Student: 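Here's a structure for you.
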Amino acid sequence: MVRRTKADALATRDKLLDAAELLFAERGVSRTSLNDIAVAAGTTRGAIYWHFQDKAALFNAMMERVTLPLEDTLACAGQASDDDTPTAPLERMRSAFLNALHKTVHDTPTRRVRDIATHKVEYVAEMLDVRDRHLKARDECVAMTRAGLLQAARLGDVKLPMPAITAAHGLHALIDGLIQNWLLAPEAFDLEAAGRQSFDAYIGGLGFTWANARAPRRAAAAPVTAA
């Protein structure tokens, strides 16, 4: 019997994820069985269970291939640095969100997976773990956005007009909503332009401007809403 290498195992795992992605996009998640995925990947059902506990675990692994870069970038937005300018947290956050929009428009796997996660999955029965992951990812994104907003407020001496957590939820809903609506009808509007303009307008509504954010930091900071 030929011993499988780690590279062989990873290749099989990628084939399964690729096959699942295509079938989920074509049929929807509930109408795609693990056996369907195994056949499409040219392997066995046993190979699926070697890599994934169930369909939810496979789905979550598929999601991680496109969401981890955004999560990593957002994590940096809330991390303070000694040489940060007042605009730095906002610029990192803006870059992360706009990169997500760019990949959704121009990277076919990213667009396909986001469409599956938005429109072709039901959070019932075996897929409840997927709902839990979705909520966890959302909460982490909101928490990292909140941290970035608070850091920018401290550096720029800006008093937020609402609790930071509320502002973070609003910004997340704004970007996520744009993506969801664009996926329904990509020809309806320019996602990247709409995202860029909406982000800037939202940040401006919170009291930030690129001009005053770049001004020298005052010795005594104004109160910041830290909820």
Side-chain angles (χ1 to χ4, degrees), residues 1-79 92 95-145 172 175-176 179-180 182-183 186 191:
M1 181 177 179
V2 178
R3 184 177 179 181
R4 297 183 67 209
T5 66
K6 184 177 180 179
D8 291 333
L10 289 175
T12 298
R13 185 178 188 275
D14 283 340
K15 285 182 180 178
L16 290 168
L17 290 174
D18 290 342
E21 184 182 306
L22 293 173
L23 289 176
F24 288 159
E26 179 184 347
R27 307 177 184 179
V29 177
S30 63
R31 297 182 64 184
T32 301
S33 70
L34 291 177
N35 189 63
D36 293 335
I37 295 169
V39 170
T43 184
T44 65
R45 188 183 173 97
I48 291 183
Y49 287 114
W50 176 264
H51 292 282
F52 309 103
Q53 180 179 346
D54 50 27
K55 189 193 288 188
L58 187 153
F59 185 97
N60 284 335
M62 178 193 72
M63 285 296 301
E64 286 171 2
R65 294 203 297 183
V66 301
T67 59
L68 282 178
L70 171 61
E71 292 166 5
D72 289 343
T73 306
L74 275 176
C76 294
Q79 294 175 355
R92 288 194 293 264
S95 176
F97 281 122
L98 294 186
N99 181 59
L101 300 184
H102 180 82
K103 289 195 68 176
T104 299
V105 173
H106 299 286
D107 184 74
T108 300
T110 297
R111 182 194 304 191
R112 185 161 51 229
V113 168
R114 291 191 182 281
D115 187 48
I116 294 168
T118 302
H119 301 125
K120 297 182 179 179
V121 60
E122 297 176 288
Y123 295 140
V124 295
E126 63 182 341
M127 300 305 289
L128 288 178
D129 282 349
V130 171
R131 176 182 178 275
D132 292 341
R133 187 205 179 280
H134 189 166
L135 290 174
K136 180 175 181 290
R138 182 206 63 188
D139 291 346
E140 289 176 350
C141 180
V142 168
M144 290 184 284
T145 301
H172 177 271
I175 301 299
D176 193 52
I179 292 175
Q180 290 189 35
W182 183 84
L183 287 169
L191 178 61

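These numbers come from the heavy atoms of this one structure, side chains and all, not from hydrogens, waters or symmetry mates. Keep in mind that what you see is a predicted model, and the values were worked out from it rather than measured.
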Student: List for me each residue that meets salt bridge (Lys or Arg N to Asp or Glu O under 4.0 Å) alongside Arg112, sequence neighbours excluded, and say none if there are none.
Tutor: Glu21
Student: Indicate whether the side chain of Asp115 and that of His119 have a donor and an acceptor atom separated by less than 3.5 Å.
Tutor: yes
Student: Which pair of non-hydrogen atoms, one from Phe24 and one from Met62, has the smallest distance, and what is that distance?
Tutor: CD1-SD, 3.9 Å
Student: Going from CG on Leu191 to NE2 on His102, what distance comes out if it is rounded to the nearest 0.5 angstrom?
Tutor: 11.0 Å
Student: Output all residues satisfying side-chain contact (heavy atoms from CB on, under 4.5 Å) with Ala117, sequence neighbours left out; order by chain, then residue number.
Tutor: Phe59, Met63
Student: Can you see which heavy atom on Ala61 is nearest to which on Leu17, and at what distance?
Tutor: CB-CD2, 3.9 Å
Student: So Arg114 and Asp107, salt bridge (Lys or Arg N to Asp or Glu O under 4.0 Å) or not? Walk me through it.
Tutor: CA-CA 11 Å; Arg114 291 191 182 281; Asp107 184 74; over 6 Å; no
Student: Can you tell me how far apart OG1 (Thr118) and CG (Leu183) are? Round to the nearest 0.5 Å.
Tutor: 5.5 Å
Student: Could you give all pairs that pass the salt bridge (charged side-chain N to carboxylate O under 4.0 Å, His left out) test and reach residues 22-32, with sequence neighbours left out?
Tutor: Arg27-Asp36
Student: Can you establish whether the number of heavy atoms outside Gln180 located under 6.0 Å from its atom CD is more than 12?
Tutor: yes
Student: How long is the straight-line distance from CG of Leu10 back to OG1 of Thr5, given to the nearest 0.5 Å?
Tutor: 8.5 Å
Student: Check for a donor-acceptor pair, side chain of Lys15 on one end and backbone N or O of Ala41 on the other, with a separation under 3.5 Å.
Tutor: no
Student: Looking only at heavy atoms, what is the nearest atom pair of Leu16 and Ala47, with distance?
Tutor: CD1-O, 3.9 Å
Student: Using 0.5 Å steps for rounding, measure from the CE atom of Met127 to the NZ atom of Lys55.
Tutor: 6.5 Å
Student: Nearest 0.5 angstrom please: Tyr49 OH to Thr44 OG1, how far?
Tutor: 11.0 Å
Student: Testing the basics here: between Thr32 and Leu23, what is the closest heavy-atom pair and its distance to 0.1 Å?
Tutor: OG1-O, 3.5 Å
Student: Closest heavy-atom contact between Ile48 and Leu58?
Tutor: CG2-CD1, 4.3 Å
Student: Do the side chains of Val39 and Asn35 get nearer than 4.5 Å, heavy atoms only?
Tutor: yes
Student: Side chains of Arg13 and Trp50, heavy atoms from C-beta outward: is any pair under 4.5 Å?
Tutor: no
Student: So, do Lys103 and Asn99 sit near enough that their side-chain heavy atoms are less than 4.5 Å apart?
Tutor: yes
Student: Between atom NE2 of His172 and atom CE of Met144, what is the distance when rounded to the nearest 0.5 Å?
Tutor: 9.5 Å
Student: Provide the closest heavy-atom pair for Tyr123 versus Leu128 in the form atom of the first, atom of the second, distance.
Tutor: O-CD2, 3.4 Å
